[in-house]
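Quick notes on the structure that follows.
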Number of protein chains: 2
Amino acid sequence: MAAKQTFNVERFFQALGDNTRLRILNLIGDQEICVCYFVQILGGPQPKISRHLAYLRSAGIVAVRREGKWMHYRIVMPPHIGAAQILRQTLGWLKEEKTMQADRARLTKACCSPAKYALLEGAPLPTTIQETTCEAC
Amino acid sequence: MAAKQTFNVERFFQALGDNTRLRILNLIGDQEICVCYFVQILGGPQPKISRHLAYLRSAGIVAVRREGKWMHYRIVMPPHIGAAQILRQTLGWLKEEKTMQADRARLTKACCSPAKYALLEGAPLPTTIQETTCEAC
DNA sequence: GACATATAGTCGCCTAAGCGAATGTTTGGA
DNA sequence: TCCAAACATTCGCTTAGGCGACTATATGTC
């Protein structure tokens, strides 16, 4: 059985205490997104992204689903109502930060023309963006 | 002039990522409290408390006021509206945690009969408790 | 001025955590 | 069955941070 450790409040806040992880959470939002987009948008080496995703998983903030070669990440609400509220509020706050808005804009652009990004050829689109027509492109 | 460094989001969340600091914030609440109460209620060595208070100060979450020998700490709301909301929500969440409630109960008890606590003889009462009659004692 | 009290800061040790570089693993396709 | 793609994990290094023990500072009192 899975090692489902109990929710840890310290770990929860520590997970939010890193800018790369906040950027990842902001990019996910209420969608389900493939790792290759994080690598493309955030720009760092892939193992770095992967380690931060592992951290977020261990903190119980994100969950992952495999689809062929691709791993799709989504945000999961913590079992504690208080923590869930904090997380929602944090995500809302991030949406208003300029650098976070820029990240999301680049994600939208990448999704509209994935062929322009070497890393994204053939990559599955984020789930909710998939059903949205993009007016910007 | 004071070294008023700009508010740091990572630092803000990191400051919340430690149980001793969360307990301190919970004890303060919307009052102004003297360090000796933290030492008495939380029970650890005094330098440990002092270091965590310094961390909270550097993160811009608490402020301090000297009154004779005593240092009074209070919570200050961060300049970012988002961070302020997170902090308020966190404080509200802590109030519902049992261990945090126990801390506050012990604080109330200590304030009603400080003579019973060697560390608290002559210590100034927290400001808002001072104006409140305690029904429990 | 000497001393006690209340609190802050320093030091040495240890663990957590971030990073780049290298390596492993899983999957799909030729 | 071999290979490439997409991620994950490990390793070695460095820094941040927590802790106990100790020391320093500021204030009030005698």
Side-chain angles (χ1 to χ4, degrees), chain A residues 3 8 10-24 28 32-59 62-74 114 117-126, chain B residues 8 10-24 28 32-59 62-74 110 114 117-126:
Chain A
N8 183 333
E10 292 186 87
R11 186 81 172 166
F12 171 73
F13 280 117
Q14 285 166 1
L16 299 179
D18 177 278
N19 200 251
T20 300
R21 289 195 289 268
L22 289 177
R23 292 178 75 189
I24 288 174
I28 301 181
E32 196 185 40
I33 296 198
C34 164
V35 173
C36 55
Y37 289 98
F38 302 135
V39 176
Q40 178 67 53
I41 304 296
L42 301 183
Q46 172 264 323
K48 173 180 170 182
I49 304 292
S50 210
R51 269 184 270 116
H52 281 295
L53 288 169
Y55 199 115
L56 288 170
R57 263 186 286 131
S58 80
V62 303
V64 67
R65 178 178 63 87
R66 177 182 283 277
E67 184 185 316
K69 296 188 295 186
W70 293 282
M71 301 293 271
H72 296 258
Y73 280 83
R74 64 184 184 279
Y117 302 81
L119 290 172
L120 300 181
E121 288 198 57
L125 287 171
Chain B
N8 182 333
E10 292 186 86
R11 186 79 172 169
F12 170 73
F13 280 116
Q14 285 166 1
L16 299 179
D18 178 277
N19 199 251
T20 300
R21 290 195 288 268
L22 289 176
R23 290 178 76 189
I24 288 174
I28 301 181
E32 195 185 41
I33 296 198
C34 164
V35 174
C36 54
Y37 289 98
F38 302 136
V39 175
Q40 179 68 54
I41 304 297
L42 301 184
Q46 171 265 323
K48 172 179 169 180
I49 304 292
S50 210
R51 271 183 270 114
H52 281 296
L53 288 169
Y55 198 114
L56 288 170
R57 262 186 287 130
S58 79
V62 303
V64 68
R65 178 178 63 87
R66 176 181 285 279
E67 182 184 319
K69 295 188 295 186
W70 295 281
M71 301 293 271
H72 295 258
Y73 279 83
R74 65 183 183 279
Y117 302 81
L119 289 173
L120 300 182
E121 288 197 58
L125 288 171

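Letters A, B, ... are given to chains in the order of the sequence lines, protein chains preceding strands, and every chain is numbered from 1. In what follows, every heavy atom counts, from backbone to side chain, and hydrogens, waters and symmetry copies are set aside.
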task: Take B:Ser58 and B:Arg11, measure what side chain to side chain contact (heavy atoms under 4.5 Å, CB included) needs, and give me the verdict at the end.
output: CA-CA 9 Å; B:Ser58 79; B:Arg11 186 79 172 169; 2.7 Å; yes
d([atom1], [X]; [atom2], [N]) in whole Å:
X       : N      : atom1 : atom2 : value
B:Leu42 : D:dG18 : CG    : C1'   : 15 Å
B:Phe38 : C:dA6  : CZ    : P     : 15 Å
B:Leu56 : D:dG17 : CG    : C1'   : 14 Å
A:Met71 : D:dA5  : CE    : C1'   : 14 Å
B:Glu67 : C:dT5  : CD    : C1'   : 15 Å
A:Trp70 : D:dC7  : CH2   : P     : 8 Å
B:Gln40 : C:dT7  : CD    : C1'   : 16 Å

query: Where do A:His52 and A:Phe38 land on the side chain to side chain contact (heavy atoms under 4.5 Å, CB included) test, with the steps shown first?
result: CA-CA 11 Å; A:His52 281 295; A:Phe38 302 135; over 6 Å; no
- line: B/S/- along nucleotides 16-26 of chain C (protein heavy atoms under 4.0 Å) is -SSBBBB---S
With a 4.5 Å heavy-atom cut-off, do [X] and [Y] have their side chains touching?
X       : Y       : result
A:Phe12 : A:Gln14 : no
A:Val64 : A:Arg57 : yes
A:Thr20 : A:Lys48 : yes

task: Give the intermediate values and the outcome of side chain to side chain donor-acceptor pair (under 3.5 Å) for residues B:Arg65 and B:Tyr73.
output: CA-CA 7 Å; B:Arg65 178 178 63 87; B:Tyr73 279 83; over 6 Å; no
query: Reckon B:Arg65 has a side-chain N or O less than 4.0 Å from the OP1 or OP2 of C:dT7?
result: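 No, no such contact exists.
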query: B:Tyr73 side chain N/O closer than 4.0 Å to the phosphate oxygens (OP1, OP2) of C:dA8?
result: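 For C:dA8, OP1/OP2 do have a side-chain N/O of B:Tyr73 under 4.0 Å.
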